[in-house]
Amino acid sequence: MKIGLAYALGGEIESILKSTAARLVETVCGAAIYEIEPGILAYVGGVGKVNAAMGAQLFIDRYHPDWIVNAGVAGCFQDLPIGTLVLADCFVQHDVDTTAAGDPIGFVSTVDRVDFPTSEPERMAALLEGLGVPFRTGRVATGEVFMAKGPRTDWVAKTFSPLLCEMEGGAVAQVCLRNGVKFTALKSVSDRLCQENNAEEYFNYSEAMEKLNAVVLPFARALRDQ
């Protein structure tokens with residue numbers, strides 16, 4: 001099985017590149033693509049839904065993965081510690097609004113749906129359990145907004161009831177759905193949106209990524225080898 005790891009930023013994948021014999025295969029339209037080891041590749045698509053969708057489609061067209069695993073950090077609507085691992089069970093896109101045309105909020109035309117489920121979540125949970133990794137599961141809201149405390153964040157929490165929010169996963173999920181490629185997302189809590197901005201451990205990007213990447217590669221190997 002061929003696995004593709006989808007990242008948004010070069011800094012997010014740096015620790016994996018340094019700890020393996022990974023090599024840069026090519027850079028296409030600004031998206032860097034790496035071979036981490038046999039059967040596991042990774043790409044850095046950029047921040048936001050357009051970059052995420054473009055990177056995913058380029059990677060699928062050129063490398064024909066069996067499974068894409070989106071890895072990254074996210075803001076959390078619950079009081080979970082920084083670095084808590086979350087296995088997404090579905091995505092919504094909170095910035096899609098065609099309600100004026102009679103659609104439900106978050107409805108994405110062409111695919112005609114609001115929820116974008118991940119693939120075989122029970123099997124993915126079993127892989128994490130087999131690795132001895134503690135995790136949570138939940139819905140993730142994607143949109144072109146770096147969330148902070150305020151009215152918009154409150155509205156997303158009330159409207160979609162997500163556990164997390166971030167800027168890429170829903171777009172990758174949509175591209176994988178349309179291409180018939182299986183999709184999983186592993187997210188690490190970096191922002192505690194339930195805390196005040198000046199509270200201790202409101203935001204810690206480096207700790208969140210360190211804890212995430214300690215899991216991503218073992219997870220990808222376990223998925224590849226099944």
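Just the heavy atoms: all of them, side chains too, but no hydrogens, waters or symmetry mates, feed the values below.
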Closer than 3.5 angstrom, by distance alone: can the side chain of Ser190 be matched with the main-chain N or O of Ala74 as a donor-acceptor pair? yes

Reported NZ-to-CG distance for the pair Lys18 and Asn213, which is rounded to 0.5 angstrom: 12.0 Å

Ignoring hydrogens and angles, tell me if any N or O in the side chain of Thr142 forms a donor-acceptor pair with the backbone of Gly170 under 3.5 Å. yes

I need the minimum non-hydrogen distance between Ile82 and Lys211, along with the two atoms involved. O-NZ, 3.5 Å

Looking at side-chain heavy atoms only, is the closest gap between Val215 and Leu128 below 4.5 Å? yes

Taking the side chain as every heavy atom from C-beta outward, state whether Leu164 and Met147 have any atom pair closer than 4.5 Å. no

Is any side-chain heavy atom of Leu5 closer than 4.5 Å to one of Ile3? yes

Nearest heavy-atom approach of Ala171 to Ala53 is CB-N, 4.2 Å

Does Glu37 form a side-chain hydrogen bond (donor to acceptor under 3.5 Å, both in side chains) with Thr20? I'd like the steps, not just the answer. CA-CA 8 Å; Glu37 60 187 52; Thr20 65; over 6 Å; no

Heavy-atom pair of closest approach, residues Val114 and Pro104: CG2-CG, 4.2 Å

A side-chain contact here means heavy atoms from C-beta on lying under 4.5 Å apart; do Met124 and Phe219 qualify? yes

Evaluate the side-chain proximity of Thr153 to Phe77: yes if any heavy-atom separation is below 4.5 Å, no if none is. yes

Check whether any side-chain N or O of Thr159 sits under 3.5 Å from a backbone N or O of Val156 as a donor-acceptor pair, and report yes or no. no

Any donor-acceptor N/O pair, Asp97 side chain to Ile105 backbone, under 3.5 Å: no

Got a donor-acceptor contact below 3.5 angstrom from the Thr118 side chain to the Ala88 backbone? yes

With side-chain hydrogen bond (donor to acceptor under 3.5 Å, both in side chains) as the criterion, how do Trp67 and Thr184 come out once you've worked through the C-alpha distance, each side chain's angles and the decisive distance to 0.1 Å? CA-CA 8 Å; Trp67 213 297; Thr184 295; 2.8 Å; yes

Flag side-chain contact, heavy atom, 4.5 Å: Ile33 against Leu24: no

So, for Phe183 and Phe91, is the gap between ring centers shorter than 6.0 Å? yes

What distance separates Lys158 NZ from Asp154 CG, expressed to the nearest 0.5 Å? 10.0 Å

Do the side chain of Ser119 and the main chain of Lys182 share a donor and acceptor less than 3.5 angstrom apart? no

Is any side-chain N of the basic residue among Lys49 and Glu168 closer than 4.0 Å to the acidic one's carboxylate O? no

More than 12 foreign heavy atoms under 6.0 Å from CZ of Arg178: is that the case here? no

Under a 3.5 Å distance rule, please check whether Glu12 uses its side chain to pair with a backbone N or O of Ala8 as donor and acceptor. yes

Heavy atoms only: give me the nearest Val189-Leu80 pair and the separation to one decimal. CG1-O, 4.2 Å

Counting only N and O atoms by type, is there a donor-acceptor contact under 3.5 Å from the side chain of Thr98 to the main-chain atoms of Asp103? no

Are the side chains of Arg139 and Asp115 in contact, using a 4.5 Å heavy-atom criterion? yes

What verdict does the side-chain contact (heavy atoms from CB on, under 4.5 Å) test give for Val73 and Glu166, after you've listed the backbone C-alpha separation in whole Å, the side-chain angles of each residue and the deciding distance to 0.1 Å? CA-CA 7 Å; Val73 298; Glu166 44 83 87; over 6 Å; no

Would you check, one step at a time, whether the test side-chain hydrogen bond (donor to acceptor under 3.5 Å, both in side chains) holds for Gln57 with Asn179? CA-CA 8 Å; Gln57 191 63 60; Asn179 283 274; 2.9 Å; yes

Report the distance from atom CE of Met209 to atom CD of Glu14, rounding to the nearest 0.5 Å. 10.5 Å

Ignoring hydrogens, what is the shortest heavy-atom contact between Ile13 and Ala42? Give both atom names and the distance. CD1-CB, 3.4 Å

Lys187 vs Leu212, side-chain contact (heavy atoms from CB on, under 4.5 Å): CA-CA, chis, key distance, verdict: CA-CA 7 Å; Lys187 300 291 179 176; Leu212 177 65; 6.0 Å; no

To the nearest 0.5 angstrom, please state how far the SG atom of Cys76 sits from the CG atom of Asp191. 9.5 Å

Just how far is it from atom CZ of Arg221 to atom CG of Leu127, taken to the nearest 0.5 Å? 14.0 Å

In terms of hydrophobic clusters joined by side-chain contacts under 4.5 Å, are Val50 and Val92 together? no

Please check if atom CD in Glu122 has more than 12 non-hydrogen atoms from other residues, nucleotides or ligands closer than 6.0 Å. no

Run the side-chain contact (heavy atoms from CB on, under 4.5 Å) check on Cys29 and Leu58 step by step: do they pass? CA-CA 9 Å; Cys29 299; Leu58 281 169; 4.0 Å; yes

Measure the CD-OH distance between Glu26 and Tyr63 for me, rounded to the nearest 0.5 Å. 3.0 Å

What do the steps show when you test Arg136 against Gln78 for side-chain hydrogen bond (donor to acceptor under 3.5 Å, both in side chains), and what is the final call? CA-CA 11 Å; Arg136 292 282 301 271; Gln78 295 184 14; 3.1 Å; yes

With heavy-atom distances below 4.5 Å as the criterion, would you say the side chains of Val108 and Phe116 are in contact? yes

The test is side-chain contact (heavy atoms from CB on, under 4.5 Å); show your working for Val140 and Leu163 and say whether it passes. CA-CA 6 Å; Val140 181; Leu163 177 59; over 6 Å; no

Using every non-hydrogen atom in the two residues, find where Asp66 and Lys2 come nearest and quote the distance to one decimal. OD2-N, 2.7 Å

